[in-house]
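Heads up: the structure comes next, in structure tokens.
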2 protein chains.
Amino acid sequence: MVAWTAYLTASHLLERRVEEQLKADAGLTHAQYEILARLSAAPGRRLRMTELARGVVASKSGLTYQISRLETMGLVTRETCPSDERGVLAALTGEGMACLERTAPGHVAVVRALLIDLLEPGELETMTRVMRKMEAAMRDDAPPPSR
Amino acid sequence: MVAWTAYLTASHLLERRVEEQLKADAGLTHAQYEILARLSAAPGRRLRMTELARGVVASKSGLTYQISRLETMGLVTRETCPSDERGVLAALTGEGMACLERTAPGHVAVVRALLIDLLEPGELETMTRVMRKMEAAMRDDAPPPSR
DNA sequence: AGGTGGTGGTTCGAATTCGAACCATGGGAG
DNA sequence: CTCCCATGGTTCGAATTCGAACCACCACCT
């Protein structure tokens, strides 16, 4: 359990720092940054809402909120999905891409400074492996009352 | 950066599960549970507000809110600090302690199932070491504009 | 075709969080 | 002893989050 406590403390602190840096440097929330990043990596720079929600691990309603927010900032647009009339695609705008490119270096710097650079290569590798195991365990493992 | 992404996803998922379990089993927020846990481990089962805030890594205002909340639930009381008239001690009540003891097993079970038990002994050890390094780096390292 | 369950998104209300501004007390410096 | 700044908590308003309820459309089944 000492591991768990350490994990909680460290992750809270890190989240705080990241949030702080992004807000100061780019006026973005970490959640918003994650959305932009996901979109930029997607084919055509657009993704279905649900897919995106799964990716950033947020509730559907939370995502709706943030996309609206990003839309009024001009970083994202909504398009109706051609293959499914009810679907919505969130698409990164040029401005959104520019914003991301402008913001990424600072963000990456913080992450490196507070996480990556602290680790021995081996440690980094185990961390990644562990995180993947966790994700695998939680993605399919009984989402309590379903499946 | 792939490590960072994996980390984000895994931690979000885990947080979600933990939150869900605590809410369902005990009607507590993870934040609230952390507060109770910290208090139970403190000498005299009471702590100064600021100290507690540092421990659980929350803003002072956030802590004020949650302590008020826990107070109306009868799990915690506020006492004025004897040595410092303006200070406030948050103290775990008997009921609070009982609630914690009732809740802990389920919580621990989830954490074990989704994190601890997935790890080889060595991995667990590395994780802990890494988390400690991160905490150390962030606790004293330039909290941007201060110290 | 017509119905039926299910999926995709949004809306709504409630809860939580933060930071900034604010009072009150402590602890020196002069 | 008095003044002044730093510290400890609370209050306030704004932003974000979630889950539940809701509507609209798809896909399959008869």
Side-chain angles (χ1 to χ4, degrees), chain A residues 12-13 15-24 27-35 46-73 76-91 143-147, chain B residues 12-13 15-24 27-35 46-73 76-91 143-147:
Chain A
H12 285 170
L13 282 171
E15 180 62 22
R16 224 169 170 61
R17 291 297 189 96
V18 167
E19 199 79 47
E20 185 180 329
Q21 182 269 329
L22 280 175
K23 197 92 72 184
L28 288 177
T29 297
H30 189 194
Q32 294 170 345
Y33 181 90
E34 276 193 81
I35 291 175
R46 64 200 66 224
L47 252 78
R48 289 291 291 268
M49 293 293 275
T50 301
E51 189 116 20
L52 189 49
R54 245 183 66 90
V56 300
V57 190
S59 64
K60 287 188 299 175
S61 44
L63 183 62
T64 296
Y65 174 77
Q66 284 299 9
I67 291 292
S68 308
R69 200 100 190 53
L70 290 170
E71 206 174 11
T72 71
M73 293 184 215
V76 158
T77 25
R78 269 182 233 250
E79 310 172 351
T80 53
C81 177
S83 68
D84 186 343
E85 192 58 36
R86 72 211 148 144
V88 173
L89 286 174
S146 86
R147 195 203 167 123
Chain B
H12 285 168
L13 282 170
E15 179 62 21
R16 222 168 171 61
R17 290 296 188 97
V18 167
E19 199 79 46
E20 185 181 328
Q21 181 270 329
L22 280 175
K23 197 90 73 183
L28 287 177
T29 295
H30 189 195
Q32 294 170 344
Y33 180 89
E34 276 192 79
I35 291 175
R46 64 199 65 224
L47 251 74
R48 290 289 291 268
M49 293 292 276
T50 302
E51 189 115 23
L52 188 49
R54 243 183 65 88
V56 301
V57 191
S59 65
K60 289 189 298 177
S61 45
L63 183 61
T64 297
Y65 173 78
Q66 282 299 8
I67 292 292
S68 308
R69 199 101 189 58
L70 290 170
E71 206 175 11
T72 70
M73 294 185 214
V76 159
T77 25
R78 267 183 235 250
E79 309 171 353
T80 53
C81 176
S83 68
D84 185 342
E85 192 59 35
R86 73 213 148 142
V88 173
L89 286 173
S146 88
R147 188 185 179 127

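Within every chain, numbering begins at 1; the chains are lettered A, B, ... in the order of the sequence lines, protein sequences first and strands thereafter.
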- Query: Going by the salt bridge (charged side-chain N to carboxylate O under 4.0 Å, His left out) test, which pairs reach into residues 80-89 of chain B, not counting sequence neighbours?
  - Reply: B:Arg48-B:Asp84, B:Asp84-B:Arg86
- Message: Does a side-chain N or O of B:Arg78 approach OP1 or OP2 of D:dG9 to a distance below 4.0 Å, or not?
- Response: no
- So does B:Arg69 get a side-chain nitrogen or oxygen closer than 4.0 Å to the phosphate oxygens (OP1/OP2) of C:dT16? yes
- Query: Looking for any heavy atom pair under 4.0 Å, which part of the strands does A:Thr50 touch: base, sugar-phosphate only, or nothing?
  - Reply: sugar-phosphate
- Item | End axis versus end axis in the helix from C:dA1-D:dT30 to C:dG30-D:dC1, the angle rounded to 10°, five pairs used at each terminus | 10°
- What string of B, S and - do you get for nucleotides 17-28 of chain D 5' to 3' if you count protein non-hydrogen atoms under 4.0 Å? BBB-----BS--
- Query: Atom CD1 of A:Ile67 and atom P of D:dA15: how far apart are they, to the nearest Å?
  - Reply: 18 Å
- Query: Of all residues at least two apart in sequence or in a different chain, which pass the ring pair (Phe, Tyr, Trp, His ring centres under 6.0 Å) check with A:Tyr65?
  - Reply: none
- Are side-chain heavy atoms of B:Ile67 and B:Val88 found at a separation under 4.5 Å? no
- Note on the structure: dist A:Gln66:CD -> A:Gln32:CD (nearest 0.5 Å) comes out at 4.5 Å
- For B:His12, what residues pass the ring pair (Phe, Tyr, Trp, His ring centres under 6.0 Å) criterion, not counting sequence neighbours? none
- Note on the structure: Residues pairing under salt bridge (charged side-chain N to carboxylate O under 4.0 Å, His left out) where one sits in residues 56-73 of chain B, two or more places apart or in two chains, turn out to be B:Glu71-B:Arg78
